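Worksheet for the structure shown next.
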Amino acid sequence: MSKEANALTFEQIIGLLHLKYSDIKKIGRKRIYATPIGRLYYSGSKDYGFSNKNWWYSIDPAIIRDEHIDYLCLAADYAGVFLIPSDKFHEYRQHNQVGKVKGGREDFTVVKDGESFLRKESKCQDWNISQYFITAKDT
């Protein structure tokens with residue numbers, strides 16, 4: 001299964017989500033997995049440690065939509081994982097002009113602000129995604 005440099009592997013995230021490895025199926029060559037809780041799109045990021053960026057992901061919203069993804073599964077280095085419902089991801093995009101990167105993908109930047117985790121994008125409203133964070137220290 002997929003592995004990101006400087007971040008939890010998908011196998012480690014399966015453990016955080018209390019899923020059985022045998023119940024996971026990779027779909028195609030993308031980082032998409034069928035699981036008992038739905039389809040997951042996995043990506044990982046190192047901690048950049050900047051005041052305006054702890055973690056950064058590049059996500060193709062067309063893949064999230066076309067592949068019927070239920071959750072974005074975003075590893076935050078070795079600290080934990082964000083398990084974000086795709087409907088909340090799409091809702092944020094409907095209300096904000098998110099920056100585009102190569103190939104139609106979008107920036108997804110997360111900043112740790114005290115005990116909170118915020119999605120911060122230039123010219124967009126901050127989105128508190130703390131409720132979607134599962135810390136690796138809880139296991």
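Everything numeric in this text was worked out from a predicted model, so none of it was measured. Sequence positions, counted from 1, serve as the residue numbers for this chain.
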Query - Hphob cluster co-occupancy, Ile59 + Ile13, side-chain heavy atoms under 4.5 angstrom - result: no
Open item on the list: I'd like to know if the side chain of Asn128 and the backbone of Ser130 have a donor-acceptor N/O pair within less than 3.5 Å.
Closed with: yes
Heavy-atom nearest pair, Pro61 first then Gly104, reads CD-O, 3.8 Å
All heavy atoms of Val98 vs all of Arg119, minimum pair found to be CG1-NH2, 3.3 Å
To the nearest 0.5 Å, atom CD of Glu121 lies from atom CD of Gln97 at 12.0 Å
Are Val110 and Ile134 connected in a single hydrophobic cluster, I mean Ile/Leu/Val/Met/Phe/Trp/Tyr linked by side-chain heavy atoms less than 4.5 Å apart?
-> no
* To do: Can you establish whether the number of heavy atoms outside Lys88 located under 6.0 Å from its atom NZ is more than 12?
  => no
Report yes if the distance between the aromatic ring centroids of Phe82 and Tyr132 is under 6.0 Å, otherwise no. no
One should read off an interatomic distance between Thr35 OG1 and Asp70 CG, to the nearest 0.5 angstrom, of 7.5 Å
Review point. Is Trp55 reachable from Phe50 through a run of hydrophobic residues whose side-chain heavy atoms are each under 4.5 Å from the next?
Key: no
Here the gap from Leu74 atom CG to Ser45 atom OG, rounded to the nearest 0.5 Å, amounts to 9.0 Å
Checklist entry - Can you tell me if Tyr78 uses its side chain to pair, donor with acceptor, with the backbone of Lys46 under 3.5 Å? => result no
For Ala136 and Leu8 the tightest heavy-atom approach is CB-CD1, 4.4 Å
Give a yes or no on whether the backbone of Ile27 and the side-chain of Lys25 come within a donor-acceptor separation of less than 3.5 Å.
no
Any donor-acceptor pair under 3.5 Å linking the side chain of Ser86 with the backbone of Ile69? yes
- [ ] Could you tell me whether the side chain of Tyr41 reaches within less than 4.5 Å of the side chain of Glu67, counting heavy atoms only?
- [x] no
Under the criterion side-chain hydrogen bond (donor to acceptor under 3.5 Å, both in side chains), I'd like the reasoning laid out for Asp47 against Asn54: C-alpha separation, chi angles, the key distance, then a yes or no. CA-CA 5 Å; Asp47 185 348; Asn54 285 95; 3.3 Å; yes
Exercise. Look at the side chain of Tyr57 and the backbone N and O of Glu106, then say whether any donor-acceptor pair between them is shorter than 3.5 Å.
Key: no
- Query: Does the distance from a Lys or Arg side-chain N to an Asp or Glu carboxylate O, for Glu91 and Arg93, drop under 4.0 Å?
  - Reply: no
Between Ala62 and Asp60, the two heavy atoms sitting closest are N-OD1, 2.9 Å
Starting from Phe108, can I reach Leu83 by hopping between I/L/V/M/F/W/Y residues whose side chains sit under 4.5 Å apart? no
Taken to the nearest 0.5 Å, the spacing of Ile64 CD1 from Phe89 CZ works out to 5.5 Å
Nearest heavy-atom contact between Ala79 and Thr135 is O-OG1, 3.4 Å
Rounding to 0.5 Å, atoms CZ (Arg31) and OH (Tyr42) come to a distance of 8.0 Å
Tell me whether Leu19 shares a hydrophobic cluster with Val81, the cluster being built from Ile, Leu, Val, Met, Phe, Trp, Tyr side chains joined at under 4.5 Å. yes
Paired with Lys120, the side chain to side chain donor-acceptor pair (under 3.5 Å) test is passed by just one of Thr109, Asn52, Asp126, namely Asp126
- Using atom types as modelled and distance alone, determine if a side-chain donor or acceptor of Asn96 lies under 3.5 Å from a backbone N or O of Gln125. yes
* Asked: Taking the six-membered ring of Tyr71, is NZ or CZ of Arg39 closer than 6.0 Å to its centre and within 45° of its axis?
  -> no
**Message:** Closer than 3.5 angstrom, by distance alone: can the side chain of Gln12 be matched with the main-chain N or O of Thr9 as a donor-acceptor pair?
**Reply:** yes
Would you check if Cys124 and Tyr92 make a side-chain contact, meaning some heavy-atom pair closer than 4.5 Å? yes
Evaluate Leu118 against Ile129 for side chain to side chain contact (heavy atoms under 4.5 Å, CB included), listing each step before the verdict. CA-CA 6 Å; Leu118 305 174; Ile129 59 172; over 6 Å; no
Here the gap from Cys73 atom SG to Leu40 atom CG, rounded to the nearest 0.5 Å, amounts to 5.5 Å
Tightest non-hydrogen contact, residues Pro36 and Ile24, listed as CD-CD1, 4.3 Å
